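Heads up: the structure comes next, in structure tokens.
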Amino acid sequence: MIKMKIDCEKLIEAIDDAKTIFDYYDDFIYGVAFFYIKRIGGVDEENNFTISHEEVREIYEKIEKLLRAYPESLEELKEMCEKSDF
């Protein structure tokens, strides 16, 4: 496993990108992960991943873990993200 740290600011930005597009929570989580990876430079102009599948999986799992905790607000999510070990 790569053990990369989630950039909490970029995560919040990715949530803003995804929140108007996806109606279902599972789709929303995938969308947030995609937009997050795009914001960290892991997606090319054709929307193909430029990072390894292992990195994509690790990022998705970390984001899913944070979002499935169902924080009350973006501020609470940001605090959870900053306090997390990932």
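Position 1 is the first residue of the sequence, and the numbers go up from there. Only a predicted model underlies this, so the values are computations on that prediction, with no experimental measurement involved.
The line from CD of Glu64 to CG of Leu66 is 10.5 Å long, rounded to the nearest 0.5 Å. Going from atom CD1 of Ile63 over to atom CD1 of Ile6 covers 4.5 Å, rounded to the nearest 0.5 Å. Here NZ of Lys10 is found 15.5 Å from CZ of Phe35. Values are rounded to the nearest 0.5 Å. Separation of atoms CG (Asp17) and CZ (Phe22) is listed at 10.0 Å; rounding is to 0.5 Å. Taking NZ from Lys62 and NZ from Lys5, the interatomic distance works out to 8.0 Å, rounded to the nearest 0.5 Å. The distance from the CD1 atom of Ile37 to the CZ atom of Arg39 is 13.0 Å, given to the nearest 0.5 Å.
Across every non-hydrogen atom of Gly31 and Ala18, the tightest pair is C-CB, 3.9 Å. Scanning both residues, Phe28 and Leu67, for their nearest heavy atoms gives CE2-CD1, 4.2 Å. The shortest heavy-atom contact between Met4 and Glu58 is N-OE2, 2.8 Å. Of all the heavy atoms in Val32 and Ala14, the pair that sits closest is O-CB, 3.6 Å. The two residues Val43 and Phe49 come nearest to each other via the heavy atoms CG2-CD2, 4.0 Å. In this structure, Leu74 and Ile15 approach most closely via the heavy-atom pair CD2-CG2, 3.8 Å.
Between the Thr50 side chain and the Gly41 main chain, a donor and an acceptor come within less than 3.5 Å of each other.
Applying the side-chain hydrogen bond (donor to acceptor under 3.5 Å, both in side chains) definition to pairs two or more places apart or across chains, those involving residues 20-31 are Asp26-Arg68. Identified under the salt bridge (charged side-chain N to carboxylate O under 4.0 Å, His left out) test for residues 41-51, with sequence neighbours left out: none. Sorted by first and then second residue, the pairs that involve residues 71-83 and meet salt bridge (charged side-chain N to carboxylate O under 4.0 Å, His left out), not counting sequence neighbours, are Glu9-Lys78.
Taking 4.5 Å as the limit, some side-chain heavy atom of Asn47 sits within range of a side-chain heavy atom of Phe34. Residues Tyr60 and Ile29 meet the side-chain proximity criterion, which asks for heavy atoms closer than 4.5 Å.
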